[in-house]
Amino acid sequence: MATIFSKIINREIPADIVYETENVLAFRDINPQAPVHILIIPKIEIPSAREINGKEHGQLLGEMFDVANEIAKKEGIFEEGFRLVFNSGPNAGQEVYHIHMHLLGGRKFKWPPG
Ligand code: DGP
């Protein structure tokens with residue numbers, strides 16, 4: 001089902017887009033939890049990480065990680081490190097059911113997460 005992220009992909013609503021490939025789009029989170037907080041999404045609609053399987057989506061997932069590393073370098077947080085998160089389903093607090101990788105950086109994070 002289409003979400004607000006489909007509207008961002010289709011340029012129907014604005015977003016601060018930082019990176020784009022044929023298959024992947026990355027834009028700044030509207031409610032940043034760190035100095036760098038970017039969402040990396042596939043252009044195809046997949047609701048959550050629970051619908052991922054390696055055979056079908058391996059290439060796409062690999063591309064999302066390539067994009068994350070590329071952005072981390074551009075944002076100057078590659079060496080110091082960063083966090084990549086997929087919130088998947090209700091207990092993880094997923095709000096938008098279009099799979100997205102959070103790229104968070106620019107500060108130190110705690111573990112375990114809240
Ligand atoms: P999650 O809880 O993993 O589903 O996170 C969804 C994130 O998406 C949340 O951090 C806020 C962000 N978000 C929701 N709507 C918009 C939007 O319209 N634009 C942007 N840039 N980010 C959004």
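Bear in mind the structure is a predicted one, so any value in this text is a computation, not a measurement. Counting starts at 1 for both ligands and their atoms, in listed order.
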Looking only at heavy atoms, which two atoms of [X] and [Y] are closest? And how far apart?
X   : Y   : value
R28 : E75 : NH2-OE2, 2.8 Å
N31 : D29 : N-OD1, 2.7 Å
H37 : P32 : ND1-CA, 3.5 Å
V96 : Q94 : O-NE2, 2.9 Å
L60 : P42 : CD2-CB, 3.6 Å
A15 : I8  : CB-CG2, 3.6 Å

Identify, by atom number and element, the atoms of ligand 1 in contact range of [X], meaning under 4.0 Å from any of its heavy atoms.
X   : answer
G93 : 2 (O)
L39 : 8 (O), 12 (C)
F27 : 20 (C), 21 (N)
I4  : 18 (O)
N87 : 1 (P), 2 (O), 3 (O)

Which residue and atom name correspond to the protein heavy atom nearest [atom], and how close is it?
atom                    : answer
atom 21 (N) of ligand 1 : R28 O, 2.9 Å
atom 19 (N) of ligand 1 : I8 CD1, 3.7 Å
atom 6 (C) of ligand 1  : H100 NE2, 3.5 Å
atom 9 (C) of ligand 1  : D29 OD2, 3.3 Å
atom 4 (O) of ligand 1  : E95 N, 2.6 Å
atom 14 (C) of ligand 1 : V96 CG2, 4.0 Å
atom 22 (N) of ligand 1 : I30 N, 3.2 Å

Could you tell me whether H102 and ligand 1 have an N or O pair separated by under 3.5 Å?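 Yes, since at least one N or O of H102 sits under 3.5 Å from an N or O of ligand 1.
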Compute the ring centroids of H100 and H98, then answer whether they are less than 6.0 Å apart.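 No, ring centres 6.0 Å or more apart.
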When you measure from the heavy atoms of F5 to every atom of ligand 1, does any distance fall below 4.0 Å?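 Within the 4.0 Å threshold, so yes.
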Aromatic ring pairing F65/F86, orientation class (parallel under 30°, perpendicular over 60°, tilted between):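 Tilted, since the angle between the ring planes falls between 30° and 60°.
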